[in-house]
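Order of appearance sets the numbers: ligands from 1, and atoms from 1 within every ligand.
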Amino acid sequence: MLDAATLKNDFPILQQTVHDDVPLVYLDSAASAQKPQSVIDALSRIDSTVYANVHRGAHWLSDTSTALYEESREAIAAFIKAQKSHEVIFTTGTTGAINTVARSWGDANISAGDEILLTRLEHHSNIIPWQQLSERTGATIRWCDITEDGQLDLDDFESLLSERTKIVACTMASNVLGTYTPAKRITQLAHDAGAVVVLDAAQAVPHKSVDVTDLDADFIAFSAHKMLGPSGVGILYGKETLLEAMPPFLGGGSMIDVVSEEGFTTASLPAKFEAGTPAITPVLAFPSCIDYLRQVGMENIQQHEHALASYAHEQLEALGTINILGPHPDAKAGVVSFTVDNLHPHDLTHALDNQGVAIRAGHHCAMPLHRRLGISASARASFYVYNTREDVDKLIQAIAKAIELFS
Ligand code: PMP
């Protein structure tokens with residue numbers, strides 16, 4: 001088991017008080033996780049010792065940063081159990097990764113009459129790129145529904161799959177309901193129908209062990225800033241055969257082999273998809289996040305979040321006027337979204353913030369999901385390695401106080 005109270009000491013930002021003198025309780029890791037001292041140190045060490053542009057220079061600093069850049073790629077490939085490190089592409093984040101697939105694979109393979117299958121659990125990052133693709137090509141978007149308890153409706157999924165389905169874009173874990181989707185089964189079913197699968201793993205890779213080879217994943221997207229790392233870098237994992245066949249999306253430095261007045265030839269993988277100067281320091285620091293997560297253990301992290309989510313469910317239910325959204329904690333990540341009778345999520349969040357408790361309110365970039373749930377907004381508490389049962393207690397006390405205040 002994981003000792004969250006001890007781990008919390010590794011996170012300087014969590015040691016402070018806010019609003020003058022209120023201790024901070026950070027329950028917004030689904031938006032962005034905080035960084036342990038080891039990652040902060042790695043970022044600073046990189047900038048003070050090895051920083052230089054990568055794949056360009058002919059000097060020691062550039063050679064060193066280039067070597068570390070490629071080591072980072074290898075560390076990430078090993079973390080998600082990719083067969084080849086050049087199947088790991090550095091992007092700006094999950095959003096950048098999904099847009100790359102939609103623009104590159106999508107424009108080359110999708111045409112009018114084809115279908116793109118999405119689910120109602122998706123974040124806007126896994127909706128808009130497909131809507132834009134549909135606008136460009138005339139392809140139709142189909143929506144897989146959820147069950148009443150907020151799980152993916154597999155029967156509906158199967159009924160929507162057909163020979164017209166060319167791409168399935170599905171989250172591995174909902175950022176609102178926390179629902180884990182059966183990603184392996186979805187991938188199998190989609191492959192049987194001849195479709196390619198894009199898995200949005202932004203809320204999965206930071207919280208559980210993800211094995212892209214076992215999943216037989218075609219494309220997977222995730223972001224460093226949700227896994228204790230810096231913002232500005234994310235990953236597109238793609239199967240070598242798919243990436244090889246895809247045209248580059250962004251054009252510029254690094255992604256070419258030869259350029260002439262007449263045109264250009266593209267570099268091989270992974271450079272083909274990494275045009276321009278990348279987020280050098282964040283990429284070089286990425287392995288320090290993985291080291292930290294590995295040391296804590298992905299199994300331990302998943303169990304810990306499950307325990308916190310279960311405890312939060314119990315305590316919220318005991319308050320009485322709370323509607324918890326989504327499935328039983330057994331079927332989900334450490335995300336608990338809810339509404340409170342007669343109290344708008346924004347008013348609630350504001351009242352909680354005054355008590356030092358940081359949660360999120362709104363549609364969480366998932367408007368179709370909220371519409372499906374019949375609400376326009378919700379409040380969301382999300383947990384990570386540094387959250388304790390005491391944090392949940394403080395959340396519950398703060399909600400009780402807010403309810404009293406507004407009643
Ligand atoms: N998908 C999901 C499920 C997410 O939670 C998020 C971040 N909230 C994203 C995609 C987008 O990630 P990013 O902003 O890092 O590109």
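Phe11 places a side-chain heavy atom less than 4.5 Å from the side chain of Val385.
A cation-pi arrangement is absent between Arg103 and Phe249, since the terminal nitrogen or guanidinium carbon is not both under 6.0 Å from the aromatic centre and inside a 45° cone about the axis.
For Asp214, the CG atom is densely surrounded, since the number of other residues' heavy atoms within 6.0 Å is greater than 12.
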Present, as a list of atom pairs with distances to 0.1 Å, all nitrogen or oxygen contacts under 3.5 Å between ligand 1 and the protein.
{"residue": "ligand 1", "atom": "1 (N)", "partner": "Asp200", "partner atom": "OD1", "Å": "3.2"}
{"residue": "ligand 1", "atom": "1 (N)", "partner": "Asp200", "partner atom": "OD2", "Å": "2.5"}
{"residue": "ligand 1", "atom": "5 (O)", "partner": "Gln203", "partner atom": "NE2", "Å": "2.6"}
{"residue": "ligand 1", "atom": "8 (N)", "partner": "His123", "partner atom": "NE2", "Å": "3.2"}
{"residue": "ligand 1", "atom": "8 (N)", "partner": "Lys226", "partner atom": "NZ", "Å": "2.8"}
{"residue": "ligand 1", "atom": "15 (O)", "partner": "Ser223", "partner atom": "OG", "Å": "2.6"}
{"residue": "ligand 1", "atom": "15 (O)", "partner": "His225", "partner atom": "NE2", "Å": "2.7"}
{"residue": "ligand 1", "atom": "16 (O)", "partner": "Thr94", "partner atom": "N", "Å": "3.3"}
{"residue": "ligand 1", "atom": "16 (O)", "partner": "Thr95", "partner atom": "N", "Å": "2.9"}
{"residue": "ligand 1", "atom": "16 (O)", "partner": "Thr95", "partner atom": "OG1", "Å": "2.5"}

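Checked against the 6.0 Å centroid threshold, Phe79 and Tyr237 do not count as a close aromatic pair.
Minimum heavy-atom separation, Ser72 to Pro287: OG-CD, 3.5 Å.
The list of salt bridge (charged side-chain N to carboxylate O under 4.0 Å, His left out) pairs with a residue in residues 22-42, not counting sequence neighbours, reads Asp28-Arg380.
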